[in-house]
Amino acid sequence: MKRVLTTCPYCGTGCMFYLVVDDDNKLIGVEASTEHVVAQGKLCVKGWNAHHFVNHPDRLTQPMVRRNGKMEPASWDEALDLVVGKLKEIQAEHGNDSVAFFSSAKTTNEENYLMMKLARAVFKTNNVDHCARLCHSSTVLGLAATFGSGAMTNSISCMEQADCILVTGSNTTEQHPLIGSRIVRNVLENGAKLIVADNRKIRLARIADIHVRWKNGTDVAFLNGLMNVIIAEGLEDKEFVASRTENYEELKKVVADYRPERAAEICGITPEEIVQVARMFARAKRAMIVYSMGITQHTHGVDNVKSCANLAMLTGNVGRPGTGVNPLRGQNNVQGACDMGALNGVYSGYQKVIDPVAREKFEKAWSVENLPDKPGLTVTTAIDAAADGKLKALYIMGENPMLSDPDQNHVRKALEKLDFLVVQDIFPTPTSEYADVILPAASYAEKNGTFTSTERRVQHVRKAIEPIGRSRADWEILCDVAARAGYAGMKYNSASEIMDEVASVTPIYGGVSFERIDQVGLQWPCTDKEHPGTPVLHSGKFARGLGAFSPAAYRPSAELPDEEYPFVLSTGRCYFHFHTGTMTRRSQLLHREERFPYVEINPKDARELEIHDRRWVHVTTRRGTVRAMARVTDVADRGVLFMPFHFEEGPANLLTNNALDPVAKIPEYKICAARVRSC
Ligand code: SF4
């Protein structure tokens, strides 16, 4: 047997572990790494089971093409020639921007870099994006505007150094279990104060000093209320505000309207709760904010993020260990996919496509001319463009918009309307049912590369076994597509060579190489070969110079409950499953633990509606109806329903609203109006 050190393919915590392989090239287990700085010999249930899906019989093992309406096996040559021929043909008829590319937070940095290079250098379009649009695009824009860098400011180890932690919109113990366990340890062993601001009674709420159960979507009013109290009571960090920030007067003006009484009324809590939280947070020596998609997935997601940043700057809690604004990234490599420029408006390292200097730099590096100069379509606007008939072809690598995007019927119509759809994945998905070509990809266990975790740590993904069937690593497929399209600039012998190119054009990855990240990785910015990496951002100086207060006024969510739809429906993940369930639902143990789509409902609401625990109900919104099993629990507040979105047979995203944040274009997954009935 051999043991291969690699990185977990699930959440953004980035635990490294050993894959154990037997003599028959079969993965037989996972072993925790006691040396790894984050894992420290532990894993969560998903990590322990991360080998199960790899050999599942459902794996895609050969290319498929649609002939006479039916998907049939094909050779790689036939499939790839068809892909390149059709994309070129469609572009010749409808223009370069009639095709779009969805990259993937599940694939490696090298593959994301190549996908954006393929879109931009070969097919000359900026229509390239990925699912960060659906989870953390608000973070990227909100923190870039306030701090100059849209990433987690601190390290996971800082969770144990804070004196006070405000967790909001993050069910940390379930979604990022090894980060959650550090918070628990700090609270129980070191006596750190814990404030949980969340409508659900999540596990962390049970050990919190204060659990604020605000109305969903009132985040900005709550955070402005805190800042109002802090300024009124003189608890702000005057020295930090004076020396490190700008636009303070504007912040003061905006938050002046959010006296505790008014903020509390909007949030459905008491003024005392706001005062208590404000004092606890502002008086701590080292206070940190931890958030996740409960903050970002709103039509006011960017405002929510900016308000978190405002609170951290106001109290001087940026740039030191145990402080900061810490967005926890959902998927294994969503940070890296953003860093690599798999976004519609930036190259790797967030260098803007509208900047002529950046364009010239990439034209030179890639030996091409006339790179497109306007931001392209996002994941969400590309689906709209397809539904409108403006987008004709889509190349999707490792994403499943049929389950992950809001308003499933809208997505279905959009995919049906396309002239040509390519899906490159490891398993068949509800999205691949609409494909004209399916390209079988190798899983994380069958290739080399890197993932970048939520704490900006670039780490190895190592090949443990040979690719299953005729599947190939995503990066090899992309290189083959580029070569067939006549481009000579995407020829690499290894993933390591691709990272060397990334480092040469991406200042924040300038010192990253496969040799240097050997055992524990490197945290960016890492600008040259001697740079040790950066555990804490913005020490002494913000990435943009001065931190910019960016105050926001409270705006209600797009669709609120009414007589017909009296509940708020919120969506998210559960402990045992990951994203659209493609991998975890093919993992025996994880599937056994959580087999059915479910909806959480408060016991009092259940009693009134005569809904019983573990009985089937219909959940209905303006977009449709889904059957799910009732879970009667006080985790759900009165008037609120919660559904995970992993289940194909009970797709929560058939129900969600596709209203977007005007800046980040992120959909409002966390709030829509719904009703529920026994069935
Ligand atoms: Fe994997 Fe996240 Fe669990 Fe760590 S906490 S083992 S990275 S799923």
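Predicted model only: the values in this text are computed from it and were never measured. Read the numbers this way: they start at 1 and go in the same order the structure lists the ligands and their atoms. Residues take their numbers from the sequence shown, with the count starting at 1.
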**Message:** Does Gln588, at its CD atom, have more than 12 non-hydrogen atoms belonging to other residues, nucleotides or ligands within less than 6.0 Å?
**Reply:** no

**Message:** Counting neighbours of CZ on Arg595 that are heavy atoms of other residues, nucleotides or ligands and sit closer than 6.0 Å, is the number greater than 12?
**Reply:** no

**Request:** Using side chain to side chain contact (heavy atoms under 4.5 Å, CB included) as the criterion, point out the one residue from Ile396, Leu343, Asp129 that pairs with Val379.
**Result:** Asp129

**Asked** Any luck finding a side-chain donor-acceptor pair between Ser103 and His130 under 3.5 Å?
**Response** no

**atom 1 (Fe) of ligand 1: protein N, O or S atoms that are less than 2.8 Å away, sorted by chain** = Cys8 SG

**Fill in**
Nearest heavy-atom approach of Cys15 to Leu43 is CB-CD2, 3.8 Å

**Message:** Quiz question: by atom type and distance under 3.5 Å, do the side chains of Asn190 and Glu160 form a donor-acceptor pair?
**Reply:** no

